[in-house]
Amino acid sequence: MVTRRHFILGVAALAATLPAGAQADLPQRPRDLIRAARRQIGDTVTYDSAYARIAYPNGDVPSERGVCSDVVIRAYRDAFGIDLQRLVHEDMAANFAAYPHNWGLNRPDSNIDHRRVPNLMVFFKRRGAKLPDGTDYQPGDLVTQAVGGRLPHIVILSGDKDRRSGRWQVIHNIGMGTQVADTLDAYPKTGHYRYEMT
């Protein structure tokens, strides 16, 4: 039974996460990236990290499923036509030793490499997108985290701050599909990136 108290608490919780309306003031590029990421909400409804053979270039798993990195990959592709699958694969093919070898591979794999957060971290750093510690967060920035202290995760900073905490909300898929959440400080941060080039 829903009591008046439950209803009031529910409304208060919802109000704390509603957009603050800052997106209209954003520069075009981060605004486009955030909009492309937000369009995945309600479409990507499942977290699925299973290996899948996909087309190359511009390959993707079915849009209703994916992982945190797929939010980033789809947003860059949909907003700017940037194919991170191709870019990461080409860089790994030319510089394989620069990338992590956490998965026992001896050559690049265009089906999965771009979907692995540690590979994206190396790619963004090699492209000059890694920001120094202490750099102010801005909407559209990418932040990597270690969930549970060890599982790599990546988020896009939304154009809105949580009304209760004052932190930038993030757009990510951490287990229940693409969502907006107040989790920027929920896990240790491992990297901060602003990727604006092809």
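Everything numeric here is computed off the predicted structure, so don't read it as measured data.
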### Over 12 non-hydrogen atoms of neighbours within 6.0 angstrom of CZ in Arg53
no

### Message
Does Asn102 have more than 12 heavy atoms from other residues, nucleotides or ligands lying within 6.0 Å of its CG?
### Response
yes

Heavy atoms, side chains only, cut-off 4.5 Å: are [X] and [Y] in contact?
X: Val72; Y: Tyr195; value: no
X: Thr135; Y: Arg194; value: yes
X: Leu184; Y: Lys189; value: yes
X: Asp60; Y: Ile73; value: no

Hey, could you give me the [atom1]/[atom2] distance between [X] and [Y], rounded to the nearest 0.5 Å?
X: Lys161; Y: Asp182; atom1: NZ; atom2: CG; answer: 11.5 Å
X: Leu26; Y: Gln138; atom1: CG; atom2: CD; answer: 9.5 Å
X: Tyr193; Y: Leu120; atom1: OH; atom2: CG; answer: 9.0 Å
X: Met176; Y: Thr46; atom1: CE; atom2: OG1; answer: 11.5 Å

#### Entry: Tyr51 versus Asp109, side-chain donor and acceptor atoms under 3.5 Å
yes

### Task
Ignoring hydrogens and angles, state whether a donor on the side chain of Arg74 or Thr178 is under 3.5 Å from an acceptor on the partner side chain.
no

Minimum heavy-atom separation for [X] and [Y], please, with both atom names.
X: Val117; Y: Pro152; value: CB-CB, 3.7 Å
X: Pro139; Y: Trp168; value: CG-CH2, 3.4 Å
X: Ile156; Y: Leu33; value: CG2-CD2, 4.3 Å
X: Gly66; Y: Val61; value: CA-CG2, 4.3 Å
X: Ala55; Y: Gln85; value: O-NE2, 2.9 Å
X: Asn173; Y: Gly177; value: OD1-N, 3.1 Å

### Message
Once ring pair (Phe, Tyr, Trp, His ring centres under 6.0 Å) is applied, what residue pairs with a partner in residues 53-73 remain, sequence neighbours excluded?
### Response
Tyr56-His89

### Message
Applying the side-chain contact (heavy atoms from CB on, under 4.5 Å) criterion to Phe124, which one of Leu131, Val88, Thr144, Ile154 satisfies it?
### Response
Ile154

#### Entry: Nonpolar side-chain network containing Tyr47, other nodes, edges under 4.5 Å
Val67

Is there a path of hydrophobic side-chain contacts, each under 4.5 Å between heavy atoms of I/L/V/M/F/W/Y residues, joining [Y] to [X]?
X: Ile174; Y: Leu151; answer: yes
X: Met121; Y: Ile82; answer: yes
X: Met92; Y: Leu87; answer: yes
X: Val155; Y: Tyr187; answer: no

### Task
Apply side-chain contact (heavy atoms from CB on, under 4.5 Å) to His114 and Ile54, showing your working.
CA-CA 12 Å; His114 61 298; Ile54 58 176; 3.8 Å; yes

Taking the side chain from [X] and the backbone from [Y], do they hold a donor-acceptor pair closer than 3.5 Å?
X: Ser165; Y: Arg167; result: yes
X: Asn119; Y: Asp113; result: yes
X: Thr44; Y: Ser63; result: yes
X: Gln40; Y: Val71; result: yes
X: Ser69; Y: Arg115; result: yes

### Trace of the side-chain contact (heavy atoms from CB on, under 4.5 Å) decision for Leu84 with Arg77
CA-CA 8 Å; Leu84 286 168; Arg77 183 184 60 231; over 6 Å; no

#### Entry: Salt bridge Arg39-Asp78, side-chain N to carboxylate O under 4.0 Å
no

### Task
Tell me, please, whether Phe80 has Arg29 positioned over its six-membered ring: NZ or CZ under 6.0 Å from the ring centre and within 45 degrees of its axis?
yes

### Residue pair Arg116, Tyr99: steps toward the side-chain contact (heavy atoms from CB on, under 4.5 Å) verdict
CA-CA 11 Å; Arg116 291 177 163 150; Tyr99 283 82; over 6 Å; no

